[in-house]
There are 2 protein chains.
Amino acid sequence: MVAVTSASAAEQERPARVSGIDKIERRRVALAESALKTLGELGYARTSLREIANNSEFTHGVVHYYFRDKIDLISYCVRYYKTKCARRYDEVVETATSGEELVTGFLAKMTQTLVDETPMHKLWYDLRAQSMFEEQLRPDVEAIDKLLEEMIWRILGRYADLTASMPTVDAPTAYALVDGLFEQAVVGYAANPDKTPDLLTDRLLQVLPKLVAP
Amino acid sequence: MVAVTSASAAEQERPARVSGIDKIERRRVALAESALKTLGELGYARTSLREIANNSEFTHGVVHYYFRDKIDLISYCVRYYKTKCARRYDEVVETATSGEELVTGFLAKMTQTLVDETPMHKLWYDLRAQSMFEEQLRPDVEAIDKLLEEMIWRILGRYADLTASMPTVDAPTAYALVDGLFEQAVVGYAANPDKTPDLLTDRLLQVLPKLVAP
DNA sequence: GACTTTGTTTGACACTTGTCAAGAAATCTC
DNA sequence: GAGATTTCTTGACAAGTGTCAAACAAAGTC
């Protein structure tokens, strides 16, 4: 949690007590989690600070007390979110003892997060699109994109190891391919929640073997 | 142009003269083109009807005269846009006489539209993200996605023909892969306009050969 | 040329938005 | 427990939003 910092935090030149700054951080996290819930449901465009406050246990004044402005809050949310999302497959990568096991575990985790955390993924693709128009979001989005790319690259590297082969595409390419499939699934999930996870699995199974070669 | 219809158009039960309804359609198109320009620059969230009107030769009242409401306008814009975008590679597909020629032409056209029509592509990815939150956009977005999928599938099919091979992935998968790479390029173009086109070309060259096999 | 229809302008409405500030309440310090 | 500090509530603000309607202009109809 402490890894996430805010522009407002920089203004706390005197963190009188450790318990004090810690409490501030706790509030920020609570607000961010509440905000993320609202953002995931409504999307960036339709989410106002008041809406975030209403869906939380705080009033809209508190939001502005802990965050300089809207962008500061959103930015903090994004950074808070990223710390949770990019390590999703680490366990699978570490424990898998065969290529097939890795693929199975990877697909299971991916379809699971598709179903369980749909709002978060919708929000991520929304924010990434917004970052094309709102420069202030770009650094955070780029950082997350990089984390996700590395995540995919770790998986593919391990997959190559286990199958005694080598990746046949570079890291950005591998990420773009997998991400394209996943985004398609996230967008399609709204219209077809039943079939989408299986379709995603099927399509990843078509693609993954092509990304490595002896 | 006539293919694009609007909810407001349905209310015109009496199209007195052909020249009349045609003029209406012309106004709608003019407004849509102006709106698309603004939308491409500002994105969906930050574009208001007044902003659209200000960037056009009309007043904000006219917008509401020709379109029932904001969604009606946006929806019309999206449908108008789609008629232009999905046939971009048709000529290349038809005239290419070898796999290499097809790939070269395809890559040239794709990097060209990436550079020349960046705002339109940014808007498209923005709108697709918005459609996850705004149900009314979903049908139009789905329709365009389907068109684009078919477009990619035509290219891949022709590529397979010319190289005496068969596609090794199905149409939705092929589209998701290529689209993932293209979206990555669109997002990255803002930060790095110089290198992005070449990177996209490079990555597509890594991938395309893997999508067919004898 | 009067009259109806069609198109456009203008201004207003109700509402939401982000931001802020003044003061109440809670907490901490001594 | 008094005083100082932090935290929170409340209400207000200016600006912007989508929507609409009444007045005005243009064009077509007889």
Side-chain angles (χ1 to χ4, degrees), chain A residues 6-9 11-31 34-35 38-39 42-77 130 133-134 136-137, chain B residues 6-9 11-31 34-35 38-39 42-77 130 133-134 136-137:
Chain A
S6 158
S8 308
E11 293 161 354
Q12 297 292 119
E13 73 279 322
R14 256 317 165 81
R17 301 160 305 286
V18 183
S19 75
I21 194 180
D22 215 46
K23 193 184 172 200
I24 289 182
E25 212 48 37
R26 231 183 290 274
R27 270 279 185 283
R28 284 222 179 85
V29 168
L31 281 167
S34 189
T38 309
L39 282 164
L42 303 181
Y44 176 85
R46 259 160 295 285
T47 302
S48 68
L49 294 183
R50 279 176 168 79
E51 193 68 30
I52 289 174
N54 280 350
N55 291 11
S56 78
E57 49 180 336
F58 312 100
T59 58
H60 69 274
V62 180
V63 177
H64 202 258
Y65 181 77
Y66 286 100
F67 296 97
R68 182 210 310 262
D69 54 25
K70 192 183 181 180
I71 287 286
D72 189 28
L73 168 61
I74 304 278
S75 184
Y76 184 92
C77 287
Q130 293 312 310
F133 302 101
E134 188 112 34
Q136 300 181 71
L137 286 176
Chain B
S6 158
S8 308
E11 293 159 355
Q12 299 291 121
E13 72 279 321
R14 251 323 162 78
R17 301 161 306 287
V18 183
S19 75
I21 195 180
D22 215 45
K23 195 184 171 198
I24 289 182
E25 211 49 35
R26 231 183 289 274
R27 269 278 185 283
R28 284 221 179 86
V29 168
L31 280 166
S34 191
T38 309
L39 282 164
L42 302 181
Y44 176 85
R46 260 159 292 285
T47 302
S48 69
L49 293 183
R50 281 176 167 79
E51 192 68 30
I52 289 174
N54 280 351
N55 291 12
S56 79
E57 50 181 335
F58 312 101
T59 59
H60 69 274
V62 179
V63 178
H64 201 260
Y65 181 77
Y66 286 99
F67 297 97
R68 183 209 311 262
D69 53 26
K70 192 183 181 180
I71 287 286
D72 189 28
L73 167 61
I74 304 279
S75 184
Y76 184 92
C77 286
Q130 293 311 311
F133 301 100
E134 189 111 34
Q136 301 182 69
L137 285 176

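Just so we're on the same page: letters track the sequence lines, and every chain starts at 1.
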TODO: Have a look at Arg27(B) and say if it touches a base, only the backbone sugar-phosphate, or nothing, with a 4.0 Å heavy-atom cut-off.
DONE: sugar-phosphate
Open item on the list: From CG of Asn54(B) over to P of dG16(D), roughly how many Å is that when rounded to an integer?
Closed with: 11 Å
Task: Whole-Å distance separating the CG atom of Leu31(B) from the P atom of dG7(C) - done: 13 Å
- [ ] Let me know the distance between CD1 of Ile71(B) and P of dG18(D), rounded to the nearest Å.
- [x] 11 Å
Open item on the list: For a 4.5 angstrom cut-off between non-hydrogen side-chain atoms, does Arg27(B) reach Tyr65(B)?
Closed with: no
Open item on the list: Tell me the interatomic distance from Ile52(B), atom CD1, to dG16(D), atom C1', rounded to whole angstroms.
Closed with: 15 Å
TODO: Can you tell me the distance, in whole Å, between the CD1 atom of Ile74(A) and the C1' atom of dT17(C)?
DONE: 13 Å
Open item on the list: Could you check whether any side-chain heavy atom of Ile24(B) comes within less than 4.5 Å of a side-chain heavy atom of Tyr66(B), counting everything from C-beta outward?
Closed with: yes
TODO: Check whether any side-chain heavy atom of Leu73(B) lies under 4.5 Å from a side-chain heavy atom of Ile52(B), and answer yes or no.
DONE: yes
- [ ] Kindly point out which of dT19(D), dG11(D), dT8(C) is positioned nearest to the side chain of His60(B)?
- [x] dT19(D)
Open item on the list: For a quick test of reading the model: is some side-chain N or O of Ser48(B) closer than 4.0 Å to OP1 or OP2 of dT17(D)?
Closed with: yes
- [ ] Side chain of His64(B) only, please: which of dG7(C), dC20(D), dT10(C) is the nearest?
- [x] dC20(D)
Open item on the list: Counting only side-chain heavy atoms from C-beta out, which of dT17(C), dT9(C), dT9(D) sits nearest to Val62(A)?
Closed with: dT9(D)
TODO: Please report, rounded to the nearest Å, how far the P atom of dT9(C) is from the CZ atom of Phe58(B).
DONE: 9 Å
Task: Nearest-Å distance for atom pair CZ/P, residues Arg50(A) and dC20(C) - done: 13 Å
Open item on the list: Salt bridge check, Glu134(B) against Arg46(A): does any charged N sit closer than 4.0 Å to a carboxylate O?
Closed with: yes
Open item on the list: If the cut-off is 4.0 Å, is Tyr66(A) near the phosphate of dC8(D), judged by side-chain N/O to OP1 or OP2?
Closed with: yes
Open item on the list: Taking the side chain as everything from C-beta on, heavy atoms only, tell me whether Gln130(A) gets closer than 4.5 Å to Gln130(B).
Closed with: yes
TODO: Round to a whole Å and report the spacing from CD of Gln136(B) to C1' of dG18(D).
DONE: 14 Å
Open item on the list: Just N and O in the side chain of Tyr65(B): are any of them under 4.0 Å from OP1 or OP2 of dG7(C)?
Closed with: yes
